[in-house]
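Every chain is numbered from 1 and lettered A, B, ... according to where its sequence line falls, protein lines coming before strand lines.
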There are 2 protein chains.
Amino acid sequence: MTEEARAAVPLTERQEARRRAILRASAELAGRGGFDAVQMREVAEAADVALGTLYRYFPSKIHLLVAVMQDQLDRLHTTLRKRPPSGERASERVAETLMRAFRALQREPHLAEAMVRALTFADRGASAEVEAVSRRTTAIIVDATGLDRPTADQLCAVRVVEHTWYSVLIAWLCGRASLDQVRADIETASLLVDR
Amino acid sequence: MTEEARAAVPLTERQEARRRAILRASAELAGRGGFDAVQMREVAEAADVALGTLYRYFPSKIHLLVAVMQDQLDRLHTTLRKRPPSGERASERVAETLMRAFRALQREPHLAEAMVRALTFADRGASAEVEAVSRRTTAIIVDATGLDRPTADQLCAVRVVEHTWYSVLIAWLCGRASLDQVRADIETASLLVDR
DNA sequence: ACCAAGTCTGAAACTTGTTCCAGATTAGCG
DNA sequence: CGCTAATCTGGAACAAGTTTCAGACTTGGT
């Protein structure tokens with residue numbers, strides 16, 4: 001069975017439960033100590049699953065953490081939707097939304113570090129999953145613009161905002177960017193969506 | 001002796017030679033098979049030093065590959081300087097320069113992959129070295145603008161370009177972005193320097 | 001209820017980055 | 001030259017991600 005096909009097979013209830021237990025355990029460990037603290041043996045034990053089973057559900061630590069990220073992004077998207085950004089211009093709304101997302105991540109810096117490290121370290125083998133994360137992120141940003149049908153140029157702008165977002169996030173997590181710099185860079189990139 | 005202080009100590013000739021041999025061996029292995037092909041034992045053997053010595057020169061695989069990147073960036077900067085970009089506007093010159101850099105990396109995609117993976121996976125322990133890479137990159141971009149004294153806004157723009165550059169590079173290396181997308185994103189981000 | 005196919009477990013083994021150390025070599029100095 | 005401190009070597013040992021597998025357990029179909 002191919003990778004794609006496997007994902008499409010519906011899981012039994014117990015399997016769904018296992019999958020959620022694994023994701024929960026991973027997020028828990030990541031929140032405590034970041035990327036390095038997410039050790040496959042510990043995840044397996046915490047989720048009450050054999051190591052081999054963990055690897056059947058998620059073929060690598062990277063896949064696992066990228067899946068955690070998908071999960072968290074969905075939550076974030078739901079939260080953000082509840083209170084739409086208030087800015088006048090699209091750029092202001094994008095920047096506002098991303099800064100809200102940023103503050104959410106600040107509350108769990110270890111978890112953020114684990115997810116983002118996994119995301120940027122991912123190789124071709126996980127590109128489908130990384131794409132999924134990218135699609136969710138794009139959706140969040142496009143939502144924030146409030147535009148119904150963004151033009152090609154605006155989609156380019158959204159991609160640049162996205163690049164900037166992840167890159168500056170890494171820099172902040174590694175202590176290489178200050179809060180002010182994060183804000184400045186996000187606001188600068190956001191300007192492109194008004195073009 | 002602190003990290004900083006150690007770097008400042010001048011190396012003997014044999015030590016310089018060792019360091020260069022290590023970097024050469026790493027670049028060679030990286031060029032052949034990318035990040036995974038750079039195995040510390042193999043680097044040590046190819047450079048004809050003991051494993052412990054390799055670790056004395058570069059405290060981790062990440063440090064090693066980031067050092068390779070510094071090296072390559074210096075070369076690139078020199079090459080780029082020889083033929084300055086011809087565009088009318090600063091944004092055009094920046095985009096032109098980065099696309100030239102991109103074509104240079106295309107010629108050695110495995111090497112590029114190894115360096116960029118190391119760069120984005122680096123944690124706090126290597127942030128000084130990553131900063132050094134960032135400074136070199138900034139210098140290349142600022143050079144391309146042709147501006148003598150960039151404003152604060154322009155420096156922000158340069159940082160956004162830099163974020164976009166690395167992020168889209170990763171996406172391309174992982175097969176998630178086409179050549180056209182690379183160009184479009186770089187050109188879009190570059191627009192910010194004209195502001 | 002029974003069988004075949006698929007899944008899960010527990011444990012060992014393998015890989016590669018990293019650390020450690022005892023003894024050999026080298027460098028700088030008087 | 002001879003001494004001392006630093007460096008280098010070879011190799012073992014350790015850590016964590018990944019693979020493998022035999023046997024126990026589940027599940028879906030009959």
- Query: Taking only residues two or more places apart in sequence, or in another chain, which ones meet A/Arg136 in a salt bridge (Lys or Arg N to Asp or Glu O under 4.0 Å)?
  - Reply: A/Asp74
- Message: Would you say B/Gln15 places a side-chain N or O within less than 4.0 Å of OP1 or OP2 belonging to D/dC8?
- Response: yes
- Message: For a 4.5 angstrom cut-off between non-hydrogen side-chain atoms, does B/Val142 reach B/Pro150?
- Response: yes
- Atom-to-atom span, OH of A/Tyr57 to P of C/dG6 - whole angstrom: 16 Å
- Query: Are the charged groups of A/Glu28 and A/Arg32 less than 4.0 angstrom apart, N to O?
  - Reply: yes
- Note on the structure: Rounded to whole Å, the CG-C1' distance (A/Leu64 to D/dT18) equals 14 Å
- Between B/Glu13 (CD) and C/dT26 (P), how many Å, whole number? 16 Å
- Message: Under the rule for side chain to side chain contact (heavy atoms under 4.5 Å, CB included), what residues qualify as partners of B/Ser26, not counting sequence neighbours?
- Response: B/Ile22, B/Val43, B/Leu64, B/Val68
Side chains of residues 164-172 of chain A: which donor-acceptor pairs under 3.5 Å do they make with residues two or more places apart or in other chains?
unit_1   : atom_1 : unit_2   : atom_2 : d
A/Thr164 : OG1    : A/Val160 : O      : 2.9
A/Tyr166 : OH     : A/Thr137 : OG1    : 2.7
A/Ser167 : OG     : B/His163 : ND1    : 2.8

If you restrict it to nitrogen or oxygen atoms, what contacts under 3.5 Å exist between nucleotides 25-30 of chain D and the protein, and what is each distance?
none

- Query: Do B/Ser190 and B/Glu92 have side-chain atoms, one donor and one acceptor, less than 3.5 Å apart?
  - Reply: no
- Query: Is the closest side-chain heavy-atom distance between B/Ile141 and B/Thr97 below 4.5 Å?
  - Reply: no
Please tabulate the protein-to-nucleotide N/O contacts below 3.5 Å involving nucleotides 18-23 of chain C, giving atom names and distances.
unit_1 : atom_1 : unit_2  : atom_2 : d
C/dT18 : OP2    : B/Tyr55 : OH     : 3.0
C/dT18 : OP2    : B/Lys61 : N      : 2.9
C/dT18 : O5'    : B/Tyr55 : OH     : 3.4
C/dT18 : O4     : B/Arg41 : NH1    : 3.3

Ignoring hydrogens and angles, write down the donor-acceptor pairs under 3.5 Å from the side chains of residues 118-127 of chain B, residues two or more places apart or on other chains.
unit_1   : atom_1 : unit_2   : atom_2 : d
B/Thr120 : OG1    : B/Val116 : O      : 3.2
B/Thr120 : OG1    : B/Arg117 : O      : 3.3
B/Asp123 : OD1    : B/Gly125 : N      : 3.2
B/Arg124 : NH1    : A/Leu173 : O      : 2.6
B/Ser127 : OG     : B/Arg124 : O      : 3.0

- Is it true that a side-chain atom of A/Lys61 and a backbone atom of A/Met40 form a donor plus acceptor pair closer than 3.5 Å? no
- Nearest whole angstrom, please: distance from the P of D/dG17 to the CZ of A/Arg56. 21 Å
- Message: Tell me the interatomic distance from A/Leu54, atom CG, to C/dG10, atom C1', rounded to whole angstroms.
- Response: 14 Å
- Task: For B/Asp36 and C/dG17, give me the distance from atom CG to atom C1', rounded to whole Å.
- Result: 12 Å
- Touch class at under 4.0 angstrom, heavy-atom based, for A/Val38 against every strand present: sugar-phosphate
- Query: B/Leu29 has an atom CG; how far is it from atom P of C/dG17, in whole Å?
  - Reply: 11 Å
- Task: Starting from C1' on D/dA16, measure out to CZ on B/Phe121 and report it in whole angstrom.
- Result: 12 Å
